[in-house]
Amino acid sequence: MQEEKDKKALPPIARRPRGFNDIRVDVLANSQSIISAIMTTYKAWGFEPLETGAMEYSDCLGKFLPDDDRPNAGVFSLQDDDDQWMSLRYDLTAPLARFVAEHWDSLPKPFRRSAAGPVWRNEKPGPGRYREFWQCDADTVGSARPEADAEIIAMGGAALEAAGIGNADYCMKVSNRKLLDGLLQEVGVNVDDISSRLVIMRAIDKLDRLGETGVTDLLGAGRKDPSGDFTHGANLNPSQIDKILAFTRTRRDSRAATLDALSVVIGGNILGNEALEELAKIDATLTSLGVKSSNAEFDPAIVRGLEYYTGTVFETDYLRETKDENGRSVRFGSIGSGGRYDDLVMRFRRERVPATGYSIGVSRLMAALECAGNKPIAPEGPVIILCLDNDYIANYFKMAQELRAGGIAAEVYLGASGMKAQMKYADRRAAPLVVIEGSNEREKGTITLKDLKLGARLAQSIEDNSAWRAERPAQKEVARTDLVAEVNAMLAANK
RNA sequence: GCAGUGGUAGUUCAGUAGGUUAGAGCGCCAGUUUGUGGAGCUGGAUGUCGGUGGUUCGAGCCCACCCCACUGUACCA
């Protein structure tokens, strides 16, 4: 009892829930610029921005309804005061389906929507995996044409390049669910047996990581991983497995060649032919949009784990080899993915509403850019006006207002420490320069401007600290009346 | 979820066969005769040694359970 009371008296330990990140100004500046580059591209291709709320009624989000046993499995859920379950959205596609179904009659069709925002998943976080993260999506709802898929694919590449990914560093890998369904029919697997179809899809999805031997195990009896964990397999026989593996090897260096190879394997099948026709149209559209095979290729080994895709599927591979801080090479998962989901809106309305879309994971994209050595944006802080003389603080505020009126971000130091500490503060705030007015300057009607960025550059050759300080480099005494003009000149000189 | 590894200052780590007041680098804070950040000088602060219980005269070190982190694996609509 007593102990419990003592525990209660302790203050809470400041800590952040795992999987949720604090984002400081340097990272924030970069993610905002990436998001804006992507959204600008989406807009240029005719996609209208739409923002929806963070929560949806759980039954609108899909199959993951909270139940009594695990009300929060996968999603964050809570019960509203009218007892309805609500959940934080786990992607931007499900809210789109809800919105479209709700407003179908008043929407222009096809409806082309872009969206950027955070999504939440109640899962175990890992490196590069968070419980809150941003996605940038674009979707075309109400067009069944393969050209709609092609356009999304081409635009996805354009968006990535706008965000800073090099043209040679990514490849959109495109396939079609119907290819696999056709193949499974031919091989004698019951396609309507959803669970075995899913096991097979997930097995193929792991090709890049586990290789053909691992996937062979997963398609057969099952696989035991090095840690001793056992994964049940699809229990196919060796000849079925061979045919599936042969199918996954039909990728060629050009889209046309892959189509030829595929038609040999799957051509006789009705679903397979449908898929081939769609892919051929996608190829033609990509070609007319100027998208090379090196940036968008057909790869039948791409299946994607998600159940809701009905046709075209694609994901974006980041190609550049990257190393972590220990020099080990890092494998990035896809930095974006998408596909056609013709049945998602059908949950709300009886009619089938074909839709296709693409989603970019912002933090993963940032990690890729960072590993590739892209120079991050260094955010710039305000001009700091030192407060050397409390009796004259009014003067400092006046200077700040003059600078702001001149379009320059400025701030008066409001702490209580000495000059050295104030310089340190300005340094930490990434201030481009500081304004100094002590009694020396005031008596002369001048101010001293110190260029922190130039100083930083000069400091690289510093050998003797006291001499360095005596020299007072990178600073300049100017007339008080020229404050705004001189600050502007110094800022311009540093661009 | 399953398996392996680990948990000592803000951080990276050291801690010798269980023995007195638990250490180092970096970082942080303050001062350095009106004046100057990023590599000067001087001084300073900081740890429920992940938690709880146990063994012991004595536990950072040994034992049990729990928590958390990392790695692999599964799931990821």
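Excluded from the calculations below are hydrogen atoms, water molecules and symmetry mates; all remaining heavy atoms, backbone and side chain alike, are included. In the text below, chain A, chain B and the rest are named by the order of the sequence lines, each starting its count at 1.
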Charged tip of A:R131 within 45° of A:F20 ring normal and under 6.0 Å: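 Judged by the rule (NZ or CZ under 6.0 Å from the ring centre, within 45° of its axis), A:R131 is not positioned above A:F20.
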NZ or CZ of A:R442 within 45° of A:Y392 ring axis and under 6.0 Å: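 Checked: cation-pi criterion met.
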Nucleotide nearest [X] when distance is taken to its side chain, options [options]:
X	options	value
A:R121	B:U34, B:A77, B:A74	B:A77
A:A456	B:G37, B:G38, B:U73	B:G38
A:K450	B:A74, B:C76, B:U36	B:U36
A:D427	B:C28, B:G35, B:G38	B:G38
A:E441	B:G37, B:A74, B:G35	B:G35

query: Within the modelled atom types, does a donor on one side and an acceptor on the other bring the side chain of A:K420 and the base of B:U36 under 3.5 Å apart?
result: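 Such a pair does not exist between side chain and base.
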Report the distance from atom [atom1] of [X] to atom [atom2] of [N], rounded to the nearest whole Å.
X	N	atom1	atom2	result
A:I384	B:G38	CD1	P	16 Å
A:L198	B:C75	CG	P	9 Å
A:K424	B:G27	NZ	C1'	10 Å
A:N122	B:C76	CG	C1'	12 Å
A:Y413	B:U36	OH	P	15 Å
A:R223	B:C75	CZ	P	11 Å
A:Q422	B:G35	CD	P	15 Å
A:L388	B:G35	CG	C1'	7 Å

Pairwise [atom1] distance, [M] and [N] [rounded to whole Å]:
N	M	atom1	answer
B:C75	B:C67	C1'	23 Å
B:G50	B:G60	C1'	12 Å
B:G7	B:C61	P	12 Å
B:C13	B:A30	C1'	27 Å
B:A14	B:U52	C1'	27 Å
B:U12	B:U48	P	15 Å
B:A24	B:U46	P	13 Å
B:A59	B:G54	C1'	11 Å

Under a 3.5 Å limit for both distances, which nucleotide forms a Watson-Crick or G-U wobble pair with [N], could you say?
N	result
B:G53	B:C63
B:A24	B:U12
B:A17	none
B:C2	B:G72
B:G58	none
B:U36	none
B:G43	B:C29

For [X] against [Y], the heavy-atom pair lying closest together:
X	Y	value
A:L433	A:V435	CD1-CG2, 4.2 Å
A:I360	A:A159	CD1-CB, 4.1 Å
A:D299	A:S175	O-CB, 3.4 Å

Base, sugar-phosphate, or nothing: which does [X] touch, judged by heavy atoms less than 4.0 Å apart?
X	answer
A:N440	base
A:K453	nothing
A:S417	sugar-phosphate

N or O in side chain of [X] less than 4.0 angstrom from [N] OP1/OP2:
X	N	value
A:R209	B:A74	yes
A:K224	B:G72	no
A:T93	B:A77	no
A:R202	B:A77	no

query: Between A:G418 and A:R457, who's closer to the 5' end of RNA chain B by nearest nucleotide?
result: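 Residue closer to the 5' terminus by nearest nucleotide: A:G418.
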message: Between A:L454 and A:I436, which residue's closest nucleotide on RNA chain B lies nearer the 5′ terminus?
response: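 Between the two, 5'-proximity favours A:I436.
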pi-stack flag for A:Y308 and B:A77, centroid dist under 5.5 Å, interplanar under 30°: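 A stacking contact does not exist, since A:Y308 is not both close and nearly parallel to the base ring of B:A77.
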- prompt: Short question: side chain of A:S58, backbone of A:W85 - any donor-acceptor pair under 3.5 Å?
  reply: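 Judged by distance alone, yes, a pair lies under 3.5 Å.
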field: Salt bridge A:R121-A:E123, side-chain N to carboxylate O under 4.0 Å
entry: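 No, A:R121 and A:E123 are not salt-bridged.
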task: State, without any angle test, whether A:S359 and A:D137 hold a side-chain donor-acceptor pair at a distance under 3.5 Å.
output: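 On atom types as modelled, these side chains qualify, holding a pair under 3.5 Å.
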